[in-house]
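Written out below as structure tokens is the structure these notes cover.
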Amino acid sequence: MALIKSIKGLTPRFGKHCYFSEGAVIVGDVTMGDDCTVWFNAVLRGDVHYIKIGNRTNIQDGSCLHTLYGKAPIVIGDDVTVGHNVTLHGCSVRDGALIGMGATVLDHAVIGRGAIVAAGALVLSNTQVGNGELWGGVPARFIKKVDTEQARELNVGYAAHYVMYSDWFRRADEEPANTRYCTTSEEYGPTDNDSPTE
């Protein structure tokens, strides 16, 4: 289960049908819309400024969202995919955008509607990524304009998949035997490797 923590009187607030995986940490002034998902070991720290997230946005495994003290919140729109191990710091990500695995987006950067930030990219402070643009590299640079409808279908499709995945996990969580906390394979129980040999 996730760790949800209030600090300085700031308490996270959530819409309907949000899902938080084990190891997720959500702290302070964090607001989410409906159908959002926060996956394993993602951290959302709304301790020094606010984090506001729209509907159907997914924050994938190992991502870190933080803000700049008193100067730069994080604002994320609807149907946004934040890939595995992404760092977002004091930036804005508009509706339908996709932030690729391992990317970093820094203070006051703005990622436009339906834009794609490539895996591993570094978007520097104050960068403006236009609507429907693909950016990549270190530091990130404009690569090309993407087909608006194709990008929308791709990015909104990813967001919808994560709502579906959260329902799989909700059903798995209904049966306590589906989740085990173990430090060794022996604690978990017999495996295929334990089968008798001839």
Side-chain angles (χ1 to χ4, degrees), residues 2 12-21 24 26 29-46 50-67 72-106 108-121 123 127-136 140 142-171:
R13 296 169 306 247
F14 309 111
K16 299 174 184 174
H17 200 252
C18 292
Y19 179 80
F20 315 124
S21 292
I26 304 169
D29 193 358
V30 178
T31 305
M32 278 180 211
D34 298 337
D35 295 311
C36 291
T37 57
V38 180
W39 294 88
F40 302 95
N41 299 319
V43 177
L44 285 66
R45 277 183 54 199
Y50 66 86
I51 297 173
K52 183 175 181 182
I53 299 172
N55 301 307
R56 297 172 304 280
T57 286
N58 62 91
I59 312 297
Q60 294 179 18
D61 317 60
S63 289
C64 178
L65 280 61
H66 196 228
T67 56
I74 288 181
V75 179
I76 300 176
D78 297 338
D79 301 304
V80 171
T81 290
V82 176
H84 312 299
N85 295 310
V86 163
T87 299
L88 299 181
H89 203 278
C91 59
S92 295
V93 183
R94 305 285 191 237
D95 294 349
L98 185 151
I99 312 299
M101 294 181 286
T104 299
V105 183
L106 296 178
H108 303 292
V110 177
I111 309 303
R113 288 188 310 277
I116 299 172
V117 174
V123 179
T127 300
Q128 304 287 311
V129 174
N131 297 339
E133 292 182 354
L134 170 64
W135 283 55
F142 173 79
I143 296 173
K144 66 177 182 176
K145 192 84 171 169
V146 296
D147 178 89
T148 305
E149 187 58 26
Q150 184 180 21
R152 188 193 70 77
E153 286 181 14
L154 175 72
N155 297 355
V156 171
Y158 280 138
H161 287 159
Y162 269 85
V163 175
M164 177 181 69
Y165 301 157
S166 75
D167 288 334
W168 297 352
F169 280 81
R170 286 173 187 274
R171 286 193 292 275

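Numbers here simply count residues along the sequence, with the first being 1.
Here the closest heavy-atom approach between residue A103 and residue A118 is recorded as CB-O, 3.8 Å. The two atoms that bring G33 and C18 nearest to each other are O-SG, 3.1 Å, heavy atoms only. D34 and K16 make their closest contact through OD1-N, 2.7 Å (heavy atoms, listed as atom of the first residue, atom of the second, distance). The shortest heavy-atom contact between G54 and C36 is O-SG, 2.9 Å. Across all their heavy atoms, G112 and A97 have their closest contact at O-CB, 3.7 Å. The two atoms that bring G130 and W135 nearest to each other are N-NE1, 4.4 Å, heavy atoms only.
With rounding to the nearest 0.5 angstrom, the NZ atom of K52 is 12.0 Å from the CD1 atom of I76. Separating the CG atom in L88 from the CD1 atom in I51 is a distance of 9.0 Å, to the nearest 0.5 Å. With rounding to the nearest 0.5 Å, the separation of CD in E133 from CD1 in I116 is 11.0 Å. Atom NE2 of residue H66 and atom SG of residue C64 lie 7.5 Å apart, to the nearest 0.5 angstrom. Residue M164 holds its CE atom at 10.0 Å from OH of Y162, rounded to the nearest 0.5 Å. How far OH of Y165 is from OH of Y158: 9.0 Å, rounded to the nearest 0.5 Å.
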For this session: Step by step, work out the side-chain contact (heavy atoms from CB on, under 4.5 Å) result for V86 and M101.
Result: CA-CA 6 Å; V86 163; M101 294 181 286; 5.7 Å; no
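Remark: N41 pairs with no residue by the side-chain hydrogen bond (donor to acceptor under 3.5 Å, both in side chains) rule, at least two apart or across chains. Residues passing the side-chain hydrogen bond (donor to acceptor under 3.5 Å, both in side chains) test with R13 are D29, T31, sequence neighbours excluded. When the side chain to side chain contact (heavy atoms under 4.5 Å, CB included) test is applied to K144, the partners found at least two apart in sequence or on another chain are L134, V146. Among residues two or more places apart in sequence or in another chain, the ring pair (Phe, Tyr, Trp, His ring centres under 6.0 Å) test is passed with Y50 by none. Applying the side-chain hydrogen bond (donor to acceptor under 3.5 Å, both in side chains) rule to D167 yields the partners H17; only residues at least two apart in sequence or on another chain are considered. Under the salt bridge (Lys or Arg N to Asp or Glu O under 4.0 Å) criterion, R113 pairs with no residue at all, not counting sequence neighbours. With sequence neighbours left out, the side-chain hydrogen bond (donor to acceptor under 3.5 Å, both in side chains) criterion links T37 to W39.
Identified under the side chain to side chain donor-acceptor pair (under 3.5 Å) test for residues 73-85, with sequence neighbours left out: R56-D79, N58-T81, Q60-H84, D61-H84.
In this structure the side chain of L106 never reaches within 4.5 angstrom of the side chain of V123, judged on heavy atoms. Counting heavy atoms from C-beta outward, F14 and I26 have side chains that approach closer than 4.5 Å. Side-chain contact between V38 and L44: present, with at least one pair of heavy atoms (C-beta onward) separated by less than 4.5 Å. At least one side-chain heavy atom of I59 sits less than 4.5 Å from a side-chain heavy atom of V82. For the pair T57/N55, no side-chain contact is recorded, criterion being any heavy-atom separation below 4.5 Å from C-beta on.
Counting only distance, with no hydrogens or angles, the side chain of S166 and the backbone of V163 share a donor-acceptor pair below 3.5 Å.
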